[in-house]
Amino acid sequence: MLFQDLPQELISQVVSNLNKRDILSFLQCHASSYYRSLYDSFWFDLCRLHGIRYCHPDISWKDLFCSDQVSSMCPHLNTNLFTDTRFIREKKQLLWSSFDQRTEVKDHELCLHPSCDFSGESESCTDHYAATKHNLSIKIAPLHTLEIWCNTCVKTIGFDYFASNVKQGLKSESYIMKKLTKKLALVTQETDSQELALSITKGRQEIESGIFRIQFRNSTMHLVEKNWYTAWLAFISGQSTEIPGDLNNESLFLFDGSLNPTLSLGKHFELIGNLTRWYIERVYSISGKIISSNELLEAPEYCKLAHSIRIRQQMNQAARYSAYGSNGRISKVNSRY
Ligand SMILES: [Zn+2]
Ligand SMILES: [Zn+2]
């Protein structure tokens, strides 16, 4: 029996384990597979054989498979989770009511298995996974709030913070993670009870003001648009209950995409730390670009801008020992600037 006479499923099975280069040379000499590969469903089947059934909407299944990233993506994540409204409603209720009951922010996880209502501190979660093999959980922890963790893959899902040029696989994983996180962290007027909406608002204010207080420790700084920042501060300090929308930094950039050198700190933009940036990216979303102070060009026109950031950095360092103390209040910190 020749290889080409094997049923398509078996051929797909073999092909799904090849790397991009070998697949492309295989397709050159196997006509029926070559014709199939002109359709994206061929590539979807290959991804599916790795357990991956999700993809960023801007990427084709072919792009995803050929990025050689499929094997490092989490196969436990699935889009059914966030399209199932009952699942979202129940998990949301569990997540935020358990948050309400805690007196201090300790590492706390909620199991995301559809038929499980387990939640608890991280150590007891480890035992839970050992006993049940339930993979996914969502965290509420000072440094990892609203991260989705896979216990089988042993990794945080969609964590693309360090990737300067985000790979297709990670981009897809990140996309699904953000959708799920948002569903669990946002108030939905139509379905959430008043009581739940209140505990989400209170919970997020507490979490985000905590992140705000510790954000600059040993951290790179990132430039964010002033109006969004002001709205965010109003929300986390409790002056407003309105949760800001996506962070859009468009006003900071010129038509050619470069940072506008005439911006001034405090008037047009403010600074956030790494931790806050990563949190904002996953819970609020950043539309468009975000730039860090390290990425500022050496060009002379950025000299003034870079200087003002350095001064602020030094002020933050000094403030760490006073206003950013363990119970430093946002309103106090805010009024300093
Ligand atoms: Zn996984
Ligand atoms: Zn569970």
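All ligand and atom numbering here is 1-based and tracks the order in the structure. All figures in this text were calculated on a predicted structure; none of them were measured in a lab.
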Inset, instruction - Could you tally the protein N/O/S atoms lying less than 2.8 Å away from the Zn ion (ligand 1)? - result: 4
Legend entry - Reported OG-to-NZ distance for the pair Ser285 and Lys179, which is rounded to 0.5 angstrom: 10.5 Å
Inset, instruction - Verify whether one side chain among Ser292 and Glu295 offers a donor that lies under 3.5 Å from an acceptor in the other. - result: yes
Legend entry - Nearest-0.5 Å distance that lies between atom CD1 in Ile138 and atom NZ in Lys92: 11.5 Å
Legend entry - Hydrophobic cluster of Phe255, others only, ordered by chain and residue number, side-chain cut-off 4.5 Å: none
Inset, instruction - For the Zn ion (ligand 2), count the protein N, O or S atoms found under 2.8 Å away. - result: 4
Inset, instruction - Go through the structure and list residues passing side chain to side chain contact (heavy atoms under 4.5 Å, CB included) with Thr191, not counting sequence neighbours. - result: Thr188
Legend entry - Ser25 side chain to Asp22 side chain, donor-acceptor N/O pair below 3.5 angstrom: no
Inset, instruction - Measure the acute angle between the ring planes of Tyr229 and Phe212, then classify it against the limits of 30° and 60° as parallel, tilted or perpendicular. - result: tilted
Legend entry - Spatial distance of atom CZ (Arg282) from atom CZ (Arg277) [nearest 0.5 Å]: 12.5 Å
Inset, instruction - Taking atom types as modelled, find out whether His113 and Ser115 have a side-chain donor-acceptor pair closer than 3.5 angstrom. - result: yes
